[in-house]
**Student:** 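Below are the structure tokens for one structure; questions will follow.
For ligands, and for the atoms within them, numbers begin at 1 and follow the listed sequence. All values reported here derive from a predicted model rather than from experimental measurement. Residue numbers count from 1 along this sequence.
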Amino acid sequence: MATTKTEPKPATQPKGGQKTYEGLSGQQLVELYRIMFLSRRLDDREILLKRQQKIFFQISGAGHEALLAAAGLVLKPSYDWFYPYYRDRALCLGLGVTPYEMLCQAVGAADDPASGGRQMPSHWGHQRLNIVTQSSPTGTQYLQSIGCAEASRFFSAHPNAAKKSSGDYRQFKDVQFHGDEITYVSGGEGSTSEGEFWEAMNSASVRKLPVLFMIEDNEYAISVPVEVQTPGGNISRLLANFPNFHFEEVDGTDVVASYAAVKRAAEHIRKGKGPAFVHGHVIRPYSHSLSDDEKLYRPESERQDEAKRDPITRLQMFLVREGILDEEGINQLEKAVDEEVQEASDRAVEAKFPELNSVEQFVYSPDLDPTSHAFETHPQFPEATPGKAAPGEKTMADLINACLRDEMKRDERIVLFGEDVADCSREGYLEKKLIKGKGGVFKLTSGLQCDYGNDRVFNSPLAEANIVGRAIGMATRGMKPVAEIQFFDYIWPAMMQLRDEMSLIRWRSNNAFSCPAVIRVAIGGYLTGGAVYHSQCGESIFTHIPGLRVVFPSNALDANGLLRTSIRCDDPVLFLEHKRLYRETFGRAPYPGPDYMVPFGKAKVVQHGEHITLVTYGAVVPRALQAAQRAEHDHGIKVELIDLRTLNPFDWETIAQSVRKTSRVIVAHEDVLSWGYGAEIAARIADELFESLDAPIKRVAAKDVFVAYQPVLEDVILPQPDDVYKAIVDLARF
Ligand SMILES: Cc1ncc(C[n+]2csc(CCOP(=O)(O)OP(=O)(O)O)c2C)c(N)n1
């Protein structure tokens with residue numbers, strides 16, 4: 001959609017005062033021009049450096065400068081929070097990122113405050129200025145900004161929760177918040193085609209959150225024009241019915257109009273009236289990036305037309321016309337900017353590279369080690385009182401619920417949310433005692449909303465990326481979201497958030513940001529009737545992701561202790577809860593008290609043996625135990641059964657010690673065989689313990705198909721005690 005230029009509003013002149021333009025003084029306009037010109041010159045400098053092969057990628061903010069410089073003036077650095085798109089150079093300059101810092105990212109220098117040389121240029125991030133580390137996926141920022149805004153609301157309502165506390169992740173999460181702060185998030189019009197954009201609009205609207213959405217519409221997403229992305233070619237028209245929003249549509253090449261629009265939007269938000277949406281029509285005078293040639297898909301005539309709306313030329317002419325700066329003043333300003341860019345560039349190209357041995361730094365928290373003794377406590381079982389029944393054995397479901405209840409009491413930063421997690425969203429029903437409440441499709445969160453209130457336990461929309469994206473934003477700000485994915489089979493819409501965001505925020509920001517959220521997921525089969533979309537495993541897909549802790553308990557006590565460690569630790573955790581084990585008789589235990597913790601990376605030897613090492617986890621543990629007992633009974637084979645409990649990290653020492661003793665090993669898991677978790681364990685044993693082995697390493701796992709509905713099919717697909725038994729006997733005979 002071509003946009004006509006707006007005519008700058010005439011100046012108003014208060015009596016005896018200076019002219020202002022929508023409240024902007026001449027001096028402020030000059031400063032805006034300086035920022036815009038600096039932004040363009042930095043892009044031009046990077047293009048030059050790329051041609052000289054001193055940097056390796058370039059993407060510019062050219063054509064977007066007016067809209068973003070205006071936003072930089074309205075919003076407050078180190079006070080508001082920012083999730084800026086890669087075209088937001090002018091915003092970041094306005095907030096206080098220096099040209100040197102920007103060019104450090106371009107050359108990949110150690111001094112780059114956004115990533116220490118780990119991310120491409122224009123992937124903004126600045127801890128002090130509250131610019132949260134940005135990534136390349138177009139659209140993941142939206143949901144995280146929602147979580148960030150929720151955190152500001154949460155801490156305002158729970159100021160005690162913000163207090164520093166020692167002994168867990170809170171020690172390393174200073175919380176800063178302001179009651180009227182704004183979370184800014186931006187993207188191109190192309191990125192509004194991502195589902196996550198709509199999921200974010202949904203939650204911002206429903207929860208009336210203090211978020212400023214800024215859409216920079218340059219009418220192209222690389223080569224794809226806006227009419228292909230957006231029905232009718234105008235995103236504002238589509239959004240107009242979202243409740244609670246303030247909407248602005250503005251010529252984003254006009255700095256005065258942009259300033260006025262952003263200011264009105266910010267006022268709406270700061271007054272607590274809800275979110276705002278600013279749609280700025282901008283231009284893209286350079287190709288998408290230096291890897292693109294727009295001449296292949298845009299004719300010269302279109303590009304020339306667009307050039308007439310260049311925001312830099314427009315503001316320059318405006319300043320001269322209004323007598324704010326004359327030609328000489330413009331020249332002086334531009335010369336000073338050129339000198340600044342030259343000086344920053346000279347320093348940046350000489351800046352030190354990151355140390356080569358630093359690459360593995362900050363995959364996980366450098367401050368808190370969840371494998372350490374600090375996370376090893378003993379259970380405090382309730383004493384049996386003489387004359388009374390022994391303390392009850394609790395199920396895994398009971399002890400997960402108990403852990404959540406205890407931890408929520410201990411740590412006010414914890415919130416639980418997900419699909420059907422609340423007791424009842426319509427609280428009145430609970431208050432009037434008309435209903436009992438749900439608390440999760442498996443009842444794992446039952447009663448927690450009643451105990452802790454609906455701002456700590458609440459339902460999410462039916463949208464998995466929404467759940468994880470928001471959890472990331474909250475955790476970045478210092479909250480401890482313990483979010484739930486209802487079925488592992490439906491985790492995939494959240495995959496981008498899990499893999500490209502949650503797991504690597506710490507690494508990609510060089511430890512400037514982190515998001516130690518816990519994502520609880522109901523997983524697994526053996527359900528009789530669960531079928532393809534309620535019974536899958538797939539843990540190896542997640543153990544393959546650096547930065548993500550993966551936990552998979554097999555019994556009630558471990559689930560309680562490991563969940564507590566997950567919550568108190570400083571890393572993101574995927575906590576896999578096997579549905580079949582929730583209420584199983586196997587592995588029940590009494591309540592172990594409110595401080596019971598099991599460290600990560602410490603396996604449990606379920607039974608000792610000298611003939612075969614059997615490594616497993618999850619619902620295969622009771623099945624393997626059955627098989628091992630039978631093998632001993634029938635053949636006298638003594639199996640050492642190892643329950644890994646956590647899959648990343650895993651307890652290599654315990655495996656190695658056992659294999660050195662038995663020289664025979666089976667790895668068994670419920671997930672499919674090929675490319676599975678067992679392959680990694682087997683490869684490592686072959687690599688490091690080859691000389692200890694007397695037989696090939698055997699794997700027992702599901703067939704390479706999905707889990708079927710008909711129980712007889714499910715039985716042949718998933719590994720059964722008989723399969724494990726056969727493997728034990730065969731291996732013993734080898
Ligand atoms: C999820 C995802 N898909 C594809 C890409 C590749 N890509 C990078 S930028 C871009 C176009 C974005 O267009 P728009 O949001 O309109 O922003 P603009 O570049 O026009 O400012 C694409 C397809 C990506 N980075 N992330």
**Student:** Using a distance-only test with no angle check, is there a side-chain donor-acceptor pair under 3.5 angstrom linking Arg506 and Asn511?
**Tutor:** yes
**Student:** Have a look at ligand 1 and work out which part of Glu216, if any, has a heavy atom under 4.0 Å from it: side chain, backbone, both or neither.
**Tutor:** neither
**Student:** Step by step, would you call Arg284 with Glu294 a salt bridge (Lys or Arg N to Asp or Glu O under 4.0 Å)?
**Tutor:** CA-CA 10 Å; Arg284 198 192 74 185; Glu294 66 176 356; 3.3 Å; yes
**Student:** Would you mind listing which atoms of ligand 1 come within a distance below 4.0 Å of any non-hydrogen atom of Ser191?
**Tutor:** 15 (O)
**Student:** Starting from atom 22 (C) of ligand 1, which protein heavy atom do you reach first, and at what distance in Å?
**Tutor:** Ile222 CD1, 3.6 Å
**Student:** Could you check Gln105, Lys54, Arg89 and say which one makes a side-chain hydrogen bond (donor to acceptor under 3.5 Å, both in side chains) with Glu46?
**Tutor:** Arg89
**Student:** Could you tell me whether some N/O pair between Ser136 and ligand 1 is separated by less than 3.5 angstrom?
**Tutor:** yes
**Student:** Using a distance-only test with no angle check, is there a side-chain donor-acceptor pair under 3.5 angstrom linking Tyr86 and Thr138?
**Tutor:** no
**Student:** Under 4.0 Å, heavy-atom basis, I'd like to know which part of Arg87 is in contact with ligand 1: side chain, backbone, both or neither.
**Tutor:** side chain
**Student:** Can a donor-acceptor pair be found between the side chains of Glu249 and Asn234 at a distance below 3.5 Å?
**Tutor:** yes
**Student:** Under 3.5 Å, side chain of Glu65 to main-chain N/O of Gly63, donor-acceptor pair present?
**Tutor:** yes
**Student:** Does only the side chain of Gln229 get under 4.0 Å from ligand 1, or the backbone, or both, or neither? Count heavy atoms.
**Tutor:** neither
**Student:** Looking at Asn218, which atoms of ligand 1 are within less than 4.0 Å of one of its heavy atoms?
**Tutor:** 18 (P), 20 (O), 21 (O)
**Student:** For atom 6 (C) of ligand 1, is the nearest protein heavy atom closer than 4.0 Å?
**Tutor:** no
**Student:** Would you say His64 has any N or O atom under 3.5 Å from an N or O of ligand 1, going by distance alone?
**Tutor:** no
**Student:** Output the list of atoms in ligand 1 that are nearer than 4.0 Å to some heavy atom of Glu189, sorted by atom number.
**Tutor:** 16 (O)
**Student:** Pull out every atom of ligand 1 sitting under 4.0 Å from any heavy atom of Gly190, numbered as shown with elements.
**Tutor:** 14 (P), 15 (O), 16 (O)
**Student:** Taking only heavy atoms of Met496, which atoms of ligand 1 are found under 4.0 Å from at least one of them?
**Tutor:** 1 (C)
**Student:** With nothing but distance in play, are any N or O atoms of Tyr85 less than 3.5 Å from an N or O of ligand 1?
**Tutor:** yes
**Student:** Quick one: look at His288 and ligand 1, take heavy-atom pairs under 4.0 Å, and tell me if it's side chain, backbone, both or neither.
**Tutor:** side chain
**Student:** Please list the nearest protein heavy atom to atom 20 (O) of ligand 1 with its residue and the distance rounded to 0.1 Å.
**Tutor:** Tyr220 O, 2.5 Å
**Student:** For atom 2 (C) of ligand 1, what is the closest protein heavy atom, and at what distance to 0.1 Å?
**Tutor:** Thr138 OG1, 3.3 Å
**Student:** Of the protein's non-hydrogen atoms, which lies at the shortest distance from atom 1 (C) of ligand 1, and what is that distance?
**Tutor:** Glu194 OE2, 3.3 Å
**Student:** Could you walk me through whether Asp251 and Arg309 satisfy the salt bridge (Lys or Arg N to Asp or Glu O under 4.0 Å) test, starting with their C-alpha distance in whole Å, then the side-chain angles of each, then the deciding distance to 0.1 Å, before giving a yes or no?
**Tutor:** CA-CA 10 Å; Asp251 177 354; Arg309 295 173 53 223; 3.7 Å; yes
**Student:** Which ring-ring contact (aromatic ring centres under 6.0 Å, His included) pairs, counting each pair once, include a residue from residues 89-119, with sequence neighbours left out?
**Tutor:** none
**Student:** Check each of Glu22, Glu248, His246 against Arg264 using the side-chain hydrogen bond (donor to acceptor under 3.5 Å, both in side chains) test, and report the only one that passes.
**Tutor:** Glu248
**Student:** According to the ring-ring contact (aromatic ring centres under 6.0 Å, His included) rule, which pairs have a member within residues 464-498, sequence neighbours left out?
**Tutor:** Phe442-Phe487, Phe487-Tyr490, Phe487-His534, Phe488-Trp492, Phe488-Phe542, Tyr490-His534, Trp492-Phe542
**Student:** Are Tyr259 and Tyr21 an aromatic pair, judged by ring center distance below 6.0 Å?
**Tutor:** no
**Student:** Could an N or O of ligand 1 be found under 3.5 Å from any N or O of Tyr86, whether backbone or side chain?
**Tutor:** yes
